[in-house]
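Quick note: numbers below take in every heavy atom, side chains included, and nothing from hydrogens, waters or symmetry partners. Note that the structure is predicted; figures quoted are calculated from it, not measured.
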Amino acid sequence: MASANVSAAVQQFQVYQNKLDKELSKVPALVTIEKVTNVPKTYLVSAVGGVLAVLIFFNVWGSLLTNLLGFLYPAYASFKALESANKEDDVQWLTYWTVYGFINMIEFFSDILLYWLPLYYTMKAVFILWLALPLFRGAEVLYKQVFRPILIAQSSKIDNVSDKIKNKINETASEISNEFKKD
């Protein structure tokens with residue numbers, strides 16, 4: 001029985017490794033590195049991911065690494081989405097940036113408390129992966145279940161405040177411009 005479970009786990013691991021290899025084959029730099037080093041690109045990516053996971057776990061550059069995690073891949077994926085004809089991926093990444101920006105704003109004000117939570121940056125890294133990876137599409141889930149209902153209910157108030165701020169900025173800019181014209 002245990003032997004069958006191990007065999008099934010190994011087979012499942014091979015399936016995931018093959019899927020990862022197929023995806024990584026789309027990245028020319030990794031294909032080149034694999035050819036030069038004779039180390040499979042899945043091993044290279046797994047090793048780098050493992051090192052980064054250990055660094056985040058022990059909070060060595062935890063803030064920097066989790067912010068890079070939340071920015072680098074999503075920024076590149078957003079670029080690719082904008083360049084594609086498919087609009088569905090545009091929606092996915094626009095939703096991601098909306099949720100990610102709001103989460104970062106909350107984190108900015110609560111970081112002094114959150115930092116003291118054990119494994120905070122590890123939890124943040126897992127959360128960012130859940131938000132960003134197309135496999136999970138966590139940003140869409142969070143947007144549809146939390147942000148969208150709140151924003152729809154409050155949109156008229158938000159629009160009114162936004163209009164007041166815009167008007168005040170325009171008035172101030174006009175006053176400053178008039179002061180410079182006088183001189």
Side-chain angles (χ1 to χ4, degrees), residues 23 26-30 48-49 51-53 55-183:
E23 288 300 313
K26 297 175 185 176
V27 181
L30 289 175
V48 169
V51 168
L52 291 175
L55 290 173
I56 291 170
F57 181 81
F58 289 110
N59 196 16
V60 178
W61 307 314
S63 179
L64 172 67
L65 293 174
T66 55
N67 285 332
L68 287 174
L69 182 65
F71 180 76
L72 289 179
Y73 171 72
Y76 182 72
S78 297
F79 159 74
K80 296 293 279 186
L82 289 171
E83 296 300 315
S84 75
N86 183 3
K87 293 300 174 198
E88 184 178 317
D89 54 4
D90 295 359
V91 171
Q92 175 191 349
W93 291 110
L94 184 57
T95 304
Y96 170 81
W97 289 113
T98 301
V99 172
Y100 183 74
F102 187 77
I103 298 295
N104 269 347
M105 186 179 67
I106 291 173
E107 183 188 31
F108 176 80
F109 292 106
S110 59
D111 192 40
I112 193 77
L113 300 173
L114 294 174
Y115 176 79
W116 291 101
L117 289 175
L119 303 177
Y120 168 65
Y121 288 113
T122 303
M123 292 184 290
K124 181 181 175 184
V126 170
F127 180 68
I128 288 172
L129 290 172
W130 178 75
L131 286 176
L133 292 177
L135 173 68
F136 304 113
R137 298 181 93 132
E140 286 184 32
V141 172
L142 204 55
Y143 175 77
K144 288 177 183 173
Q145 293 182 359
V146 177
F147 292 105
R148 187 172 188 272
I150 293 169
L151 290 171
I152 286 174
Q154 301 298 320
S155 65
S156 63
K157 291 178 186 175
I158 294 169
D159 290 341
N160 287 337
V161 170
S162 175
D163 288 342
K164 287 178 184 177
I165 292 171
K166 277 192 260 182
N167 290 337
K168 190 64 177 170
I169 289 172
N170 287 335
E171 287 174 20
T172 305
S174 180
E175 290 173 12
I176 292 171
S177 175
N178 289 337
E179 286 296 318
F180 279 118
K181 288 179 184 176
K182 289 179 184 178
D183 293 336

Asker: When rounded to the nearest 0.5 angstrom, what distance separates CG in N160 from CD1 in I165?
Answerer: 11.0 Å
Asker: Ignoring hydrogens, what is the shortest heavy-atom contact between S78 and W93? Give both atom names and the distance.
Answerer: OG-CB, 3.4 Å
Asker: What do you reckon, is CD of E88 surrounded by more than 12 foreign heavy atoms closer than 6.0 Å?
Answerer: no
Asker: On a heavy-atom basis, which atom in L131 and which in V99 lie closest, and how many Å separate them?
Answerer: CD2-CG1, 3.8 Å
Asker: Minimum heavy-atom separation for K124 to N104, with atom names?
Answerer: NZ-OD1, 4.5 Å
Asker: Under a 3.5 Å distance rule, please check whether S162 uses its side chain to pair with a backbone N or O of I158 as donor and acceptor.
Answerer: no
Asker: Considering non-hydrogen atoms only, spot the tightest contact between N67 and Y100 and give its length.
Answerer: O-OH, 3.5 Å
Asker: Applying side-chain contact (heavy atoms from CB on, under 4.5 Å), run through L94 and V91 and close with a yes or a no.
Answerer: CA-CA 5 Å; L94 184 57; V91 171; 5.8 Å; no
Asker: What is the minimum heavy-atom distance between L142 and I103, and which atoms define it?
Answerer: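 For L142 and I103, the tightest heavy-atom pair comes out as CD2-CD1, 4.4 Å.
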Asker: Show your reasoning for whether side-chain contact (heavy atoms from CB on, under 4.5 Å) applies to Y121 and F58.
Answerer: CA-CA 9 Å; Y121 288 113; F58 289 110; over 6 Å; no
Asker: Return the CG to OG distance between L117 and S110, rounded to the nearest 0.5 Å.
Answerer: 9.5 Å
Asker: Looking just at side-chain N and O atoms, do K80 and N86 make a donor-acceptor pair shorter than 3.5 Å?
Answerer: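 Distance-only check fails for K80 and N86.
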Asker: Please say which of N170, I176, I169 ends up in a side chain to side chain contact (heavy atoms under 4.5 Å, CB included) with T172.
Answerer: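 That would be I176.
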Asker: Has S177 got a side-chain atom pairing as donor or acceptor with A173's backbone, closer than 3.5 angstrom?
Answerer: no
Asker: OH of Y96 to OH of Y73: how many Å apart, nearest 0.5 Å?
Answerer: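 Going from the OH atom of Y96 to the OH atom of Y73 covers 10.5 Å.
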Asker: Quick check for you: to the nearest 0.5 Å, what is the distance between F102 atom CZ and I150 atom CD1?
Answerer: 7.0 Å
Asker: Please list, chain by chain and in numerical order, all residues satisfying side chain to side chain donor-acceptor pair (under 3.5 Å) with Y120, sequence neighbours excluded.
Answerer: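 Applying side chain to side chain donor-acceptor pair (under 3.5 Å) to Y120 gives E107.
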Asker: Which value, rounded to the nearest 0.5 Å, describes the distance between L119 atom CG and I56 atom CD1?
Answerer: 11.5 Å
Asker: Looking at T95 and A139, what are the two nearest heavy atoms and their distance?
Answerer: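 It is CG2-O, 3.6 Å.
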Asker: Rounded at 0.5 Å granularity, tell me how far CD in E175 sits from CD in E179.
Answerer: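 It is 8.0 Å, given to the nearest 0.5 Å.
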Asker: Are side-chain heavy atoms of V141 and F136 found at a separation under 4.5 Å?
Answerer: no
Asker: Please say whether more than 12 non-hydrogen atoms of neighbouring residues, nucleotides or ligands are located less than 6.0 Å from CH2 in W97.
Answerer: yes
